[in-house]
Amino acid sequence: MNDLAALFAVTGAGGPPFAALRSFATGWAEHGFAPLGELHCEDPLTGLVTAAYLRTRLAQLYRGTARGTCLVAAEPPDPPEDLAERLAAALNLATALRRAFPGDETLALLGPVRVGAVTRMDGELSGKVARLRDSEILYGHRPRVRVRPLPKAYGQALALIRSMGS
């Protein structure tokens with residue numbers, strides 16, 4: 001908080017506005033508690049697997065064959081600023097993901113308001129993606145959905161997961 005106040009003082013903008021303080025505090029809290037989420041294989045809020053579990057699952061896939069597998073990621077079109085809206089969006093996205101992908105796919109929390117499914121690219125994929133795109137996640141908004149084939153190497157897959165999680 002002192003650094004944020006100093007930044008505003010140096011720029012001559014006076015004290016930081018409440019919105020900046022709230023965003024700073026929320027980000028600090030989310031970052032501070034992130035390591036606790038890495039201790040479990042399931043996110044307690046959404047019930048989706050954590051990034052740590054997803055890395056383990058990808059390693060399993062790449063020990064066999066990841067060919068024909070993709071990552072489907074979904075997020076709000078505009079990230080909610082309010083904490084309550086972010087939590088609601090995350091819960092609604094998790095529910096939409098489970099409805100769209102009811103099989104043996106690996107469903108993961110990729111970021112604060114981003115979810116993903118590691119699934120086979122088969123004849124049912126387009127229908128599942130359409131179901132996810134048609135889900136209402138917050139105030140009538142539908143998620144933005146991206147589909148990316150998993151790359152040939154495990155390290156590249158981790159980079160893809162990181163890029164879709166940030």
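Computation of the quantities below employed the complete heavy-atom set of this structure, encompassing side-chain atoms and omitting hydrogens, waters and symmetry-equivalent molecules.
When all heavy atoms of Arg131 and Ser135 are compared, the pair lying nearest together is O-OG, 3.0 Å. For Ala153 against Tyr62, the heavy-atom pair with the smallest separation is C-CE2, 3.6 Å. The shortest non-hydrogen separation linking Arg142 to Pro77 is O-CD, 3.2 Å. Annotation for Pro76 and Val113: closest pair CD-O, 3.1 Å, computed over non-hydrogen atoms.
Evaluation of the side-chain contact (heavy atoms from CB on, under 4.5 Å) rule for Arg148 yields Arg146, Leu160, Met164 as partners, not counting sequence neighbours. In this structure Glu124 satisfies the salt bridge (Lys or Arg N to Asp or Glu O under 4.0 Å) test together with Lys128, sequence neighbours excluded. Residues meeting the side-chain contact (heavy atoms from CB on, under 4.5 Å) test with Asp134, sequence neighbours left out: none.
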Arg55 vs Leu158, test: side chain to side chain contact (heavy atoms under 4.5 Å, CB included). Steps then yes/no. CA-CA 7 Å; Arg55 287 189 300 269; Leu158 291 179; 3.5 Å; yes
Might you work through the side chain to side chain contact (heavy atoms under 4.5 Å, CB included) test for Leu91 and Leu45, ending with a clear yes or no? CA-CA 7 Å; Leu91 288 170; Leu45 178 68; 3.8 Å; yes
Before you tell me yes or no, could you show the steps for Asn92 and Thr95 under side-chain hydrogen bond (donor to acceptor under 3.5 Å, both in side chains), namely the whole-Å CA-CA distance, both residues' side-chain angles and the distance that decides it to 0.1 Å? CA-CA 5 Å; Asn92 291 340; Thr95 300; 5.4 Å; no
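Panel note: side chain Arg114, backbone Ala90; no donor-acceptor pair is recorded below 3.5 Å. Although no hydrogens or angles enter the test, the distance criterion places a donor-acceptor pair under 3.5 Å between the side chain of Thr46 and the main chain of Leu48. Remark: the backbone N or O of Tyr154 is not paired with any side-chain donor or acceptor of Gln156 at under 3.5 angstrom. One N or O on the side chain of Thr56 and one on the backbone of Ala52 form a donor-acceptor pair closer than 3.5 Å. Side chain of Asp122 to backbone of Leu125: a donor-acceptor contact under 3.5 angstrom is found.
To the nearest 0.5 angstrom, Arg57 atom CZ is 13.5 Å from Cys41 atom SG. Put simply, CG on Asp43 and CG on Leu110 are 11.0 Å apart, with the number rounded to the nearest 0.5 Å. Once rounded to the nearest 0.5 Å, the distance linking CG of Asp104 with OG1 of Thr119 reads 7.5 Å. Summarising the geometry, atom CG belonging to Leu132 is positioned 6.0 Å from atom CG belonging to Leu97; distances are rounded to the nearest 0.5 Å.
Using a 4.5 Å heavy-atom cutoff, the side chains of Val145 and Val72 are in contact. Side-chain atoms of Arg98 and Leu107, non-hydrogen and from C-beta on, do get closer than 4.5 Å to each other. Side-chain contact between Leu54 and Thr106 is present, with at least one heavy-atom pair separated by less than 4.5 Å. For the pair Cys70/Leu150, no side-chain contact is recorded, criterion being any heavy-atom separation below 4.5 Å from C-beta on. Within the 4.5 Å cutoff, side-chain heavy atoms of Tyr139 are placed close to those of Glu85. Two residues are said to be in side-chain contact when any heavy atoms from C-beta on lie closer than 4.5 Å; Thr69 and Met121 fail this criterion.
The environment of CZ in Arg120 is crowded: more than 12 heavy-atom neighbours from other residues, nucleotides or ligands sit within 6.0 Å. For Glu136, the CD atom sits in a packed shell: over 12 heavy atoms of surrounding residues, nucleotides or ligands are nearer than 6.0 Å.
Side-chain atoms of Gln60 and Arg63 form no donor-acceptor pair, as typed in the model, at a separation below 3.5 Å.
Follow the hydrophobic side-chain contacts under 4.5 Å out from Ile161 and you reach Leu61 in the same cluster. Follow the hydrophobic side-chain contacts under 4.5 Å out from Leu109 and you reach Val147 in the same cluster.
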